[in-house]
Trainee: 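Structure provided below as C-alpha cells; questions to follow.
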Amino acid sequence: MNRRVVVDPVTRIEGHLRIEAETAADGTITSAWSSGTMVRGIELILKGRDPREAWSFAQRICGVCTLVHGIASVRSVEDALQWKIPANAQLIRNLMIAAQHVHDHVMHFYHLHALDWVDVVSALKADPKATSALAQSISGYAKSSPGYFADTQKRIKAFVESGQLGIFAGGFWGHPEYKLPPEANLMAVAHYLEALAWQREVVKLHAIFGGKNPHPNFLVGGSPSPVSAGPGSGGAAATTLNIVTLGEVRDIIRSMQQFVDQVYLPDTLAIAGFYKDWFARGEGIGNFMTVGDFPAQGTDDPSSWLIPSGVIVGRDLTHIEPVDLRDPAQVQEFVTHSWYDYAGGKKQGLHPHAGETRLHYTGPKPPYEQLDVGGEGGYSWLKSPRWRGKAMEVGPLARLAMLYAKGHEPTRELAGQVLRTLDLPLAAIFSTLGRTAARTIESKVYADQMMGWLDNLTANIKAGDLSVQNAALWEPSTWPAEAKGVGFMEAPRGALCHYIVIKDGRIDNYQAVVPSTWNAGPRDAAGQPGPYEAALMDRHHLHDPKQPLEIQRTVHSFDPCIACAVHVVDPQGAELTRIQVR
C-alpha cells in the first residue's frame, strides 16, 4: 500500500514550499509533487510604472538574493532601450554579483543545508583534541586548536541543557542516516558559527558599491556610486568610491578567498566523504541550462562571458544547444498545473513577453490535507517554464556542467580534484551532492576571479577613467514608443530572467522567470515533472516517513528560493510545520 508523505512547509529555505511524495511499501519514492504555496504579485505591482524605478520593486521579490533581481531588472531596461554601460560599471556589477554568489553559497552550505548531514547533538560526544587533529589534517585554518573546539562544544551544551535549541530546533537528531563521527559534527558546527561572523564582513562589499545591504542601490545605465581618484575627504569619503574603499574591497575579497580555501572547500570534501552514496541519486531531469554572465569589461561579446550560455540535454557534455531567450519557440511558461489562467487556455505555453499573471486559485483550503495533483487541476503558485518543451535544471550544477563542457580549466581542475579525492566518476556530479559540490567549486572560481576584476577597476581609475554612469538615454522622450527587453543573469540558484515591455515610457508588461520557477515548478501540459519532482523520484528511499530527512537533503540541494521573505505563523505567532504520513 502506498503512503502519502506531506512536508509543509519545507524549512531552512526562502519562501513557502510544500512537498508531497508517494512511497511504496519499501519506502521508495514513486511520485513527488512540488508546490509553491504563496503567490508573488510583483509583476502586477510594476505595471504602469517608470521602467527606471522597476529595479527597486523587483529587488524585493527575494530577501536572500539581495541584489540579483535588481541587476536583472536594470539589465532588462538597458536591453530594451539598447542602453550601454561604462566598463567600470560592468566591473562593479561583476564584483557585486560574484560576492553574492560566494556569500550565498557559504550561507547555504552551513546554515541551510549542512544540518541535513551534520548531527548537532552528536557533537556533544566529540573529543575536542581529536576534532582539532581532524581539522588540522584537512586544512591550515588558524582556528583549529583543541581549546577552540572545546569552547564551541560548551556553547552547544548550553543550548541543549537549556531545552531551547533555538536555531538547532526541529532537526531529526539521531536519525540513522546521519553518518558523521562526533568529531566531524563538532568541526562542522564550529564552522557553522564561524560563518555567521564571516558573512557580516563580506556583505560590506555591497554596501561600498551600492550604499547598503540588503537591497543595495542600482542605476539603469551604470552604477550609482561616483568615483574619486584620490582618497576622499570629509563626508565624500563615506559615499564615494576611492582608493581607501577599494582597499577595503580588496581585504574583503582576501577574506572570502581564505574562508573558501581553508574552511568551505575542506569541509565539503570531509562531509561528502561519508555520504558517497548521495552522489548516485537525486538528479532526475538530466537537462541543464545556463543563460550566461560576467561579461568582460567594455564588450557585449558573449564569448567574453565567464559563464557561457547554452543547454545540455541528457547529460551530453559533447553537444551544447544555443539559447535565445527572446525566441517564443524556445522559452515558454505553462500553467496547466498552476493556480493561474491564460486567456487562451491553461494548456498553451506563453513566451514571457506575452506572459500573463491571472491568479485563479482552485486548490484546497488550509490546512491542505492533500493537494489536487491528479487530472488537470492546479497544485502550485509556480508556473512551469520550458525550453523547447523540455524541463531544465538551472543553478550551480548546470553552470558546472557547462563550464566543464566548454573546457574551462579552473573548473575542470577543481572538479577533478573533488572527484579524485572522493574516488568518484565524472557522472557523480549529476546528483544531490553533486549540486552541493558544484556550489563549492564555483565559489572558489568566483573568489579567485574577483581580484582580477578589482585590479582592472583600480587600473582604470588610476588611468583617469572615472566613468560609472551613462545618462545618454535618461530622458524618456528619446525612447521608442514601444520596446521589449530581457535582463538575464546567473543568480546563485540559477538562470534569472526579467522580461519587460515598455509602451509610451511606462511598463506595459513585466514577467520574472526565476531559478526556482525552473527548478520547483509543477508538471506541464505534457505531464513532465519539474526538476525537484524528478530528483525526488530518482533512487530515493525514506528510512522513516515521519522523519523525511532524505526529502530535505535533495530539496535543499537546490537551495529553494520560492518567494520573498515571509514567515509562516499562526495568529499567536507560532511556526506552522506539519509532516503527515498517510
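What's counted below: heavy atoms across the whole structure, side chains too, no hydrogens, waters or symmetry copies.
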Trainee: Aromatic ring centroids of Phe288 and Phe430 under 6.0 Å?
Mentor: yes

Trainee: Contact between Val220 and Ile85 at the side-chain level, heavy atoms closer than 4.5 Å - yes or no?
Mentor: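 No - every pair of side-chain heavy atoms lies 4.5 Å or more apart.
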
Trainee: Scan residues 492-502 for pairs that pass salt bridge (Lys or Arg N to Asp or Glu O under 4.0 Å), counting only residues two or more places apart or in two chains.
Mentor: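 Every pair satisfying salt bridge (Lys or Arg N to Asp or Glu O under 4.0 Å) with a residue in residues 492-502: Asp104-Arg493, Arg493-Asp559.
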
Trainee: For the residue pair His498 and His69, does the interplanar ring angle fall in the parallel (under 30°), tilted (30 to 60°) or perpendicular (over 60°) class?
Mentor: tilted

Trainee: Could you name each residue pair satisfying side-chain hydrogen bond (donor to acceptor under 3.5 Å, both in side chains) that touches residues 499-508, not counting sequence neighbours?
Mentor: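 Listed once each, the pairs would be none.
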
Trainee: Identify each donor-acceptor pair in which a side-chain atom of residues 529-538 lies under 3.5 Å from a protein atom, sequence neighbours left out, and give them as a table.
Mentor:
unit_1	atom_1	unit_2	atom_2	d
Glu533	OE1	Arg523	NH1	3.2
Glu533	OE1	Gly530	N	3.1
Glu533	OE2	Ser34	N	3.0
Glu533	OE2	Tyr379	OH	2.7
Glu533	OE2	Arg523	NH1	3.4
Asp538	OD2	Glu283	N	2.9
Asp538	OD2	Gly284	N	3.1

Trainee: Return a table of donor-acceptor pairs under 3.5 angstrom between the side chains of residues 26-33 and protein atoms on other chains or two or more places apart.
Mentor:
unit_1	atom_1	unit_2	atom_2	d
Asp26	OD1	Thr28	N	3.0
Asp26	OD1	Thr28	OG1	2.9
Asp26	OD2	Thr28	OG1	3.2
Thr28	OG1	His541	NE2	2.9
Thr30	OG1	Glu22	O	3.1

Trainee: List in chain and number order the residues that pass ring pair (Phe, Tyr, Trp, His ring centres under 6.0 Å) with Phe57, two or more places apart in sequence or in another chain; answer none if no residue qualifies.
Mentor: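 Phe57 satisfies ring pair (Phe, Tyr, Trp, His ring centres under 6.0 Å) with no residue once adjacent residues are dropped.
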
Trainee: Using 4.0 Å as the upper bound for N to carboxylate O, is an ion pair formed by Glu43 and Lys47?
Mentor: no

Trainee: Tell me whether Glu333 is salt-bridged to Lys346, with the criterion being a basic N under 4.0 Å from an acidic carboxylate O.
Mentor: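 No.
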
Trainee: Tell me every residue that passes ring pair (Phe, Tyr, Trp, His ring centres under 6.0 Å) with His319, counting only those two or more places apart in sequence or in another chain.
Mentor: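 Listed in chain order: nothing, the list is empty.
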
Trainee: Is the closest basic N to carboxylate O distance between Arg12 and Asp116 below 4.0 Å?
Mentor: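 Between Asp116 and Arg12 there is a salt bridge, with a charged N closer than 4.0 Å to a carboxylate O.
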
Trainee: Taking the inter-plane angle between the rings of Phe294 and His101 on a 0 to 90° scale, is it parallel (under 30°), tilted (30 to 60°) or perpendicular (over 60°)?
Mentor: tilted

Trainee: Would you check if Phe488 and Leu496 make a side-chain contact, meaning some heavy-atom pair closer than 4.5 Å?
Mentor: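 When only atoms from C-beta onward are counted, Leu496 and Phe488 do not touch, as no gap falls below 4.5 Å.
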
